[in-house]
Number of protein chains: 2
Amino acid sequence: MDVARKDIHNSQIPVVCRSCEARHGGVCGALSSGQLIELNRHSVRREVSAGCEIVGQGEAVCRYSSVLRGVVKLSKMMSDGRQQIVGLQFSPDFLGRLFLHESTLTAEAATDTEICSFPRPILDRMIAETPELGHRLHSQALQELDDARDWMLTLGRKTAQEKVASFLYMIATHIDPDSADCATFDLPLSRADIGDFLGLTIETVSRQITKLRKLGIITVENNRHVTVPDLDRLNTAAGND
Amino acid sequence: MDVARKDIHNSQIPVVCRSCEARHGGVCGALSSGQLIELNRHSVRREVSAGCEIVGQGEAVCRYSSVLRGVVKLSKMMSDGRQQIVGLQFSPDFLGRLFLHESTLTAEAATDTEICSFPRPILDRMIAETPELGHRLHSQALQELDDARDWMLTLGRKTAQEKVASFLYMIATHIDPDSADCATFDLPLSRADIGDFLGLTIETVSRQITKLRKLGIITVENNRHVTVPDLDRLNTAAGND
DNA sequence: CTGCCACTTTGATTTCGATCAAGTGGGGGA
DNA sequence: TCCCCCACTTGATCGAAATCAAAGTGGCAG
C-alpha cells in the first residue's frame with residue numbers, strides 16, 4: 001500500500017479499527033482517517049494475560065498504548081517490597097507518559113487484557129500536528145489527576161470499611177456504567193491487589209468484605225462476583241453521604 | 001492604549017511582569033509579548049494572607065492564577081469534616097482546572113502569598129492560539145499527577161515516621177532547591193496542616209518530629225524553622241533508601 | 001478420584017497511631 | 001505588666017488494623 005493508494009482511501013478507516021472500542025473515546029478518535037491509517041500501519045494489537053507486566057518502573061518507554069479490553073493496574077513499589085496501586089486504567093484509556101522517557105510506574109494487566117500499542121515518535125508527531133489530540137490527552141491527564149486526588153482522600157482519611165466500600169463503588173460505576181441504582185460485576189483485582197490499592201492487608205480487605213456482606217450492602221459469589229443491590233447505600237458506606 | 005499602539009510596543013513587556021518570578025517557569029513564559037500585554041491588561045495581582053481561601057470545593061471558577069510567592073495548599077474535605085491536603089503549589093505554579101467549570105478542590109493560602117489572576121476566557125483563547133502554552137500546562141498537569149501518585153505511596157504504605165520524613169524532604173527540596181546535601185527553611189504548614197497532608201493527627205506529627213530531632217536527622221527552632229544537616233539521611237528515614 | 005496449590009476466610013494476639021488529657025511557651029492586647 | 005490565647009508538646013490509655021497462625025475453598029493436573 002503506497003502513499004497514492006493511501007490518499008485515495010483517505011475516507012476509509014483500517015479494518016481492524018472499525019469495530020475498535022477505543023476509537024471513539026480513546027486517542028484514535030481525534031485522528032483523521034489518514035492519520036489513523038498511518039498509525040495503524042505501525043501499531044500492534046496484543047493480548048496481555050493477567051499478571052503480565054506491560055512496562056516497568058524506571059524503564060525507558062518507546063511505545064504508547066490504548067487499553068482495548070480488561071483492566072490495567074498502575075503501581076509503585078518501594079525498595080523493601082511495599083507496593084501501592086496508584087491507578088486503574090479501563091478501555092479506552094491511553095497508557096503512557098508524554099514528555100518523559102522513563103516510566104515512573106509499573107503498568108501490569110490486572111485481568112486478561114488487550115492493548116493496541118504504537119511507536120512513541122509517531123504519536124508525538126501527530127500530537128504536534130493535531131491540537132484536538134493533545135487536548136484529549138491533556139483532558140485525560142487532568143481527569144486522572146482528579147481521580148488520584150480523590151483517592152488520596154480515601155487513603156489518608158477513610159477507615160478500612162470506607163476504603164473497601166469506596167473501592168467497590170468505584171469498580172461498580174466503571175465496569176457497569178449504565179445501571180443507575182444497582183450493579184453486578186466481576187472484581188478485576190485479587191484481594192492482594194485490593195489491599196495494595198487501599199493501603200490495607202489482605203486479611204483486613206477480606207474481613208471488611210465479609211462485614212459488607214453481612215450488612216446486606218453487597219452479595220458475593222465465588223469470591224469474585226459481586227452484586228450491589230443499592231449503589232447509594234454502598235456510597236454511603238464509602239463515606240460519601 | 002489601542003491596538004495600533006499595542007502592536008508598536010510588541011517588543012516590550014509590561015512593567016509589572018518584568019521582574020515577575022512566574023514569567024519564566026510559569027504560563028506567562030509561553031506567551032508572546034503581545035499576548036503578555038493583553039493578559040496583563042486583565043490581570044490582577046493580589047496578596048492573600050495565610051489561611052484565606054482562594055477557591056472553594058465545588059465553586060464555579062472564572063479566573064485562573066499563577067502563584068508568585070508563598071505556598072498554596074489544595075485540599076479535599078468530607079462532609080463530616082475530615083480533610084486531606086492533596087497538593088501544594090509553589091511559585092511559579094499555575095492554579096486552575098482547565099476544561100471544567102467547577103473546582104474539584106479547595107485552594108487556600110498556606111503562608112502569606114501573592115497571586116496573579118486573570119479571566120478564564122482570555123487564557124482559554126490563548127491556549128487555543130499557542131501550542132507552547134497548552135504544552136506547558138499539559139506538562140505541569142502530568143508532573144502534578146506524578147507527584148500525586150508518589151504521595152499515594154506515602155499515604156498508603158509508609159509509617160508515621162516515614163511520612164513525616166517524606167514531607168520534610170519534599171519541603172526541603174522545594175523551598176531550598178540549590179543546596180545539594182543540607183538545607184534550612186521555614187515550614188510553610190502548621191502541625192495541623194502537616195497532619196492533614198500525611199493522614200495523621202497533630203499529636204503523631206509532633207511526636208515524629210521530636211523523634212527525628214532526637215535522632216539528629218533535623219534540628220528545629222521556634223517550631224517552624226528546620227535545619228537538615230544531611231538530606232540523604234532524611235531521605236533514608238523517608239523510606240527512599 | 002486424589003492431592004496439590006493458590007487464594008481466601010477466620011481467629012488470636014500485638015502494635016502503631018488515635019484519642020483523651022495535661023502541660024509548656026511565646027506573642028499580642030488590655 | 002500581666003494574662004490570655006494559640007500552637008505545640010508530652011503523657012496515658014484505647015482501639016483499629018497489622019501480624020501471626022490455622023483452616024477452609026475450589027480448580028486442575030495426573
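The figures that follow rest on heavy atoms only: side chains count, while hydrogens, waters and symmetry mates do not. Residue numbering restarts at 1 for every chain, and letters A, B, ... go by the order of the sequence lines.
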side-chain contact (heavy atoms from CB on, under 4.5 Å) partners of B:T204, counting only residues at least two apart: B:A160, B:L200, B:T201, B:Q208
Touch class at under 4.0 angstrom, heavy-atom based, for A:G195 against every strand present: nothing
Sub-4.0 Å heavy-atom contacts from residues 183-191 of chain A onto DNA chain C, ordered by number: A:S190, A:R191
Contact check, side chains of A:L212 and A:Q161, non-hydrogen atoms, under 4.5 Å: yes
Side-chain heavy-atom pair A:T106, A:Q83 within 4.5 angstrom cut-off: no
Partners passing salt bridge (Lys or Arg N to Asp or Glu O under 4.0 Å) against B:K158 (at least two apart in sequence or in another chain): none
Neighbours of DNA chain C within residues 205-224 of chain B, by heavy-atom distance under 4.0 Å: B:R207
Test item: B:D230 side-chain N/O and B:D232 main-chain N/O as donor-acceptor pair under 3.5 Å: yes
Which atom pairs, one a donor and one an acceptor, fall under 3.5 Å between side chains of residues 93-103 of chain B and the rest of the protein, sequence neighbours left out?
{"residue": "B:D93", "atom": "OD2", "partner": "B:Q89", "partner atom": "NE2", "Å": "3.3"}
{"residue": "B:D93", "atom": "OD2", "partner": "B:F90", "partner atom": "N", "Å": "3.0"}
{"residue": "B:R97", "atom": "NE", "partner": "A:D146", "partner atom": "OD2", "Å": "3.1"}
{"residue": "B:R97", "atom": "NH2", "partner": "A:D146", "partner atom": "OD2", "Å": "2.7"}
{"residue": "B:S103", "atom": "OG", "partner": "B:L105", "partner atom": "N", "Å": "3.3"}
{"residue": "B:S103", "atom": "OG", "partner": "B:L105", "partner atom": "O", "Å": "2.6"}

Selection: residues 156-172 of chain B, any non-hydrogen atom under 4.0 Å of DNA chain C: B:T159, B:A160
B:Q143: side chain to side chain donor-acceptor pair (under 3.5 Å) partners, not counting sequence neighbours: B:D147
Exercise: identify the closest heavy-atom pair between B:D186 and B:H225: OD1-ND1, 2.7 Å
B:R149 side chain vs A:A148 backbone, donor-acceptor pair below 3.5 Å: no
Range on DNA chain D touched by chain A, heavy atoms, distance below 4.0 Å: D:dA17 to D:dC20
Partner residues of A:R157 under the salt bridge (Lys or Arg N to Asp or Glu O under 4.0 Å) criterion, sequence neighbours left out: B:D196
The single option from A:V67, A:L74, A:L189 passing side-chain contact (heavy atoms from CB on, under 4.5 Å) against A:L88: A:L189
Note, A:D193 side chain near A:S190 side chain (heavy atom, < 4.5 Å): yes
B:E21 side chain near B:L68 side chain, heavy-atom distance below 4.5 Å: no
Bounds of contact between DNA chain C and chain A, in 5' to 3' order, using a heavy-atom cut-off under 4.0 Å: C:dT8 to C:dA12
Whichever of B:E203 and A:A192 has its nearest DNA chain C nucleotide further upstream toward 5': A:A192
Sequence-distant partners of A:E162, salt bridge (Lys or Arg N to Asp or Glu O under 4.0 Å), two or more places apart: B:R82
Test ring-ring contact (aromatic ring centres under 6.0 Å, His included) applied to B:F167 - qualifying residues, sequence neighbours left out: B:F197
